[in-house]
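Quick notes on the structure that follows.
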Amino acid sequence: MKARLDAMADAYANIKVNAVVLIGHHDKIVYEKAFGYADLDKKIPLAVGTRFKTESVGKIFTSTRIMQLVEQGKLKLDDPATKYLQGWNIPDLDKITIHQLLNHTAGLRSPWDHPNYDFSKAYTPAELKRIIEEVTPVSKPGGKYYYSNSGYYLLGEIIAAVTGRSYDADTRQAIFGVAHMANTDHLNATRMPANAAQPYIFHSSTEYRPFNVGVSPRAIAAGGWVSNAHDLYKFAQNYQDGKFISLPTRKVQWSANGTADLSKDGRYYGYGTEVHVNTLVPGKTIVGHTGGGGGFSVDMFVEPESGYVVVTLSNAYAMNRAMSTNFLNAALGLPTRPAAQTATVRAVDHLQLKGLAYFQKDPAAFFKEIDIPKASPGLLEEIEGSLREIRQNELADGVAQTAKMLAGAPKT
């Protein structure tokens with residue numbers, strides 16, 4: 001196993017990926033490795049103990065705490081939010097349930113959907129409340145899934161109302177204290193400390209820029225904690241061992257109280273948990289959460305049948321899912337895919353290598369050469385944006401022109 005995992009780590013290091021990887025099996029760490037840099041400009045290498053912003057990984061902390069309170073009979077999943085929240089001016093709040101907040105069907109958007117939201121500002125609770133209230137809902141409660149940080153912020157307010165402690169104090173006692181997560185805390189600044197991983201956006205494999213714009217200082221119930229690989233492993237291991245919630249309650253959490261049919265293959269969102277059935281790993285159900293934003297990508301997944309845990313942390317945005325899958329498959333002795341940069345980076349590298357005429361001659365063939373079966377409009381937009389960031393405007397114009405052509409092409 002170590003040889004397989006070392007080979008995988010070397011493959012990612014060779015394509016200039018910066019990351020920390022930890023593999024746990026029940027109560028033992030069986031592999032940990034850091035490669036690349038915490039600070040690219042100062043050439044400070046990453047270490048296994050380096051701290052990262054973990055972003056939305058914090059949603060599993062919040063949902064697990066809610067499920068503890070459900071087990072204790074202190075709240076019910078079908079309770080309306082207004083049973084615990086007073087003085088909030090959100091349309092149809094009396095029709096929004098805890099179930100809907102947990103699985104993103106409450107119809108709420110996120111604070112950053114407000115036109116005046118500032119990612120770098122440390123908002124007071126009163127300011128954040130006003131912003132959430134002013135964002136128009138995307139739908140009525142009980143509608144389609146819409147990923148909402150505002151909904152999880154409300155869950156934190158509900159936890160505070162039920163426990164009589166702030167969300168912060170309650171999480172430290174009920175989650176971090178139980179798992180002995182001593183390295184998990186707030187940032188308390190809008191820049192990462194010098195001894196932590198610095199955040200980056202990569203536009204090609206060699207061209208990047210620092211990305212401190214979204215590094216907000218205070219974690220909320222939607223995420224944003226600063227942590228490291230060891231602490232995330234501690235949470236995952238305690239979670240697997242039933243130290244937080246019982247197995248029956250965990251099944252309710254994964255299936256969003258039976259509304260997600262986990263007997264079928266696919267990706268499901270339960271209560272603050274991403275559940276991958278026969279998708280990330282053949283024949284396996286993988287559960288956990290990801291975090292992405294502000295120049296960081298973090299994954300924390302468990303494979304309950306075997307007891308394996310995989311934690312990957314990168315200080316480059318949008319890097320981790322394929323990497324986490326590869327390391328977990330390698331640990332399980334299953335086939336892996338070649339190490340690869342993000343789709344955007346691969347495309348920009350290939351464009352710089354092959355040129356615009358080559359790309360425009362046959363875009364589908366171009367993308368297949370870099371293992372992208374089909375380029376979505378969103379990917380084309382990201383490629384164009386990255387090219388403009390590195391002042392490759394001629395290439396960017398060509399990608400934009402091709403995107404318009406493909407958008408107008410007849411369906412086949």
Side-chain angles (χ1 to χ4, degrees), residues 1-38 45-50 52 54 57 197 202 205 227-237 239-241 265 267 274-292 296-316 318-343 345-346 349 369-373:
M1 181 196 297
K2 185 177 186 301
R4 289 196 303 270
L5 294 169
D6 275 338
M8 184 62 64
D10 289 344
Y12 278 104
N14 287 339
I15 58 170
K16 297 181 171 60
V17 172
N18 307 294
V20 172
V21 176
L22 183 150
I23 306 290
H25 186 233
H26 295 298
D27 61 348
K28 293 182 180 179
I29 295 174
V30 297
Y31 186 81
E32 53 186 1
K33 189 74 172 283
F35 43 90
Y37 294 99
L46 281 165
V48 173
T50 300
F52 295 70
T54 61
V57 169
F202 275 79
S205 57
S227 191
N228 66 8
H230 285 165
D231 269 21
L232 294 184
Y233 163 69
K234 289 175 182 178
F235 173 85
Q237 187 50 47
Y239 182 79
Q240 284 205 105
D241 285 348
D265 295 351
R267 176 196 180 277
E274 298 177 23
V275 184
H276 299 263
V277 181
N278 195 30
T279 52
L280 295 186
V281 179
K284 302 291 185 180
T285 295
I286 310 299
V287 183
H289 212 290
T290 63
F296 293 101
S297 298
V298 177
D299 284 1
M300 178 185 67
F301 285 108
V302 301
E303 199 281 283
E305 183 181 6
S306 66
Y308 274 99
V309 172
V310 60
V311 175
T312 62
L313 307 98
S314 175
N315 52 340
M319 185 62 242
N320 282 44
R321 183 58 41 74
M323 183 167 63
S324 298
T325 303
N326 262 344
F327 275 99
L328 186 53
N329 275 287
L332 294 169
L334 298 171
T336 59
R337 295 179 63 85
Q341 277 278 4
T342 66
V345 167
R346 299 201 307 272
D349 282 351
E369 288 175 10
I370 51 175
D371 199 24
I372 300 174

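Both backbone and side-chain heavy atoms feed into the values below; hydrogens, waters and symmetry mates do not.
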Look at atom CZ of R267 and say whether more than 12 heavy atoms of other residues, nucleotides or ligands are closer to it than 6.0 Å. yes
State the [atom1]-[atom2] distance between [X] and [Y], to the nearest 0.5 angstrom.
{"X": "Y308", "Y": "E303", "atom1": "OH", "atom2": "CD", "value": "9.5 Å"}
{"X": "M300", "Y": "S324", "atom1": "CE", "atom2": "OG", "value": "11.0 Å"}
{"X": "L313", "Y": "D299", "atom1": "CG", "atom2": "CG", "value": "8.5 Å"}
{"X": "H289", "Y": "L232", "atom1": "NE2", "atom2": "CG", "value": "13.0 Å"}
{"X": "K284", "Y": "L328", "atom1": "NZ", "atom2": "CG", "value": "9.5 Å"}
{"X": "H230", "Y": "T50", "atom1": "NE2", "atom2": "OG1", "value": "10.5 Å"}

Heavy-atom side-chain contact between [X] and [Y] under 4.5 Å:
{"X": "V21", "Y": "V311", "answer": "no"}
{"X": "N326", "Y": "Y12", "answer": "yes"}
{"X": "F52", "Y": "V20", "answer": "yes"}
{"X": "I23", "Y": "F327", "answer": "yes"}
{"X": "V298", "Y": "T312", "answer": "no"}

Strictly distance-based, threshold 3.5 Å: is any side-chain N or O of [X] a donor or acceptor partner for the main-chain N or O of [Y]?
{"X": "T342", "Y": "V345", "answer": "yes"}
{"X": "S297", "Y": "A316", "answer": "yes"}
{"X": "T325", "Y": "R321", "answer": "yes"}
{"X": "S314", "Y": "N18", "answer": "yes"}

Do the side-chain N and O atoms of [X] and [Y] include a donor-acceptor pair separated by under 3.5 angstrom?
{"X": "Q240", "Y": "H26", "value": "no"}
{"X": "T336", "Y": "N329", "value": "no"}
{"X": "N315", "Y": "Y37", "value": "no"}

Does a side-chain N-to-carboxylate-O contact under 4.0 Å join R346 and D371? no
With side-chain contact (heavy atoms from CB on, under 4.5 Å) as the test, would you mind laying out the steps for N320 and T290 before giving the verdict? CA-CA 9 Å; N320 282 44; T290 63; over 6 Å; no
Would you name the heavy atoms of [X] and [Y] that are closest together and state the gap between them?
{"X": "A236", "Y": "V309", "answer": "CB-CG1, 3.7 Å"}
{"X": "L5", "Y": "A331", "answer": "CD2-N, 4.0 Å"}
{"X": "A197", "Y": "F296", "answer": "O-CZ, 3.4 Å"}
{"X": "S227", "Y": "T54", "answer": "CB-CG2, 3.7 Å"}
{"X": "I29", "Y": "Y233", "answer": "CG1-CE2, 3.6 Å"}

All ring-ring contact (aromatic ring centres under 6.0 Å, His included) counterparts of F235, not counting sequence neighbours: F61, Y239, F244
Please list, chain by chain and in numerical order, all residues satisfying side chain to side chain contact (heavy atoms under 4.5 Å, CB included) with D265, sequence neighbours excluded. V277, N278
Sort and list the pairs that fulfil salt bridge (Lys or Arg N to Asp or Glu O under 4.0 Å) and have at least one residue in residues 2-23, not counting sequence neighbours. K2-D6, D6-K33
Go through it in stages, so that I can follow the logic: the residues are V17 and M323, the test is side-chain contact (heavy atoms from CB on, under 4.5 Å), and I'd like the CA-CA distance, side-chain angles, deciding distance and then a yes or no. CA-CA 10 Å; V17 172; M323 183 167 63; 4.1 Å; yes
Look at the aromatic rings of F301 and H276 and report parallel, tilted or perpendicular, splitting at 30° and 60°. perpendicular
Please determine whether side-chain contact (heavy atoms from CB on, under 4.5 Å) holds for the pair S306 and L332, giving the CA-CA distance in whole Å, both sets of side-chain angles, and the decisive distance to 0.1 Å. CA-CA 9 Å; S306 66; L332 294 169; 3.8 Å; yes
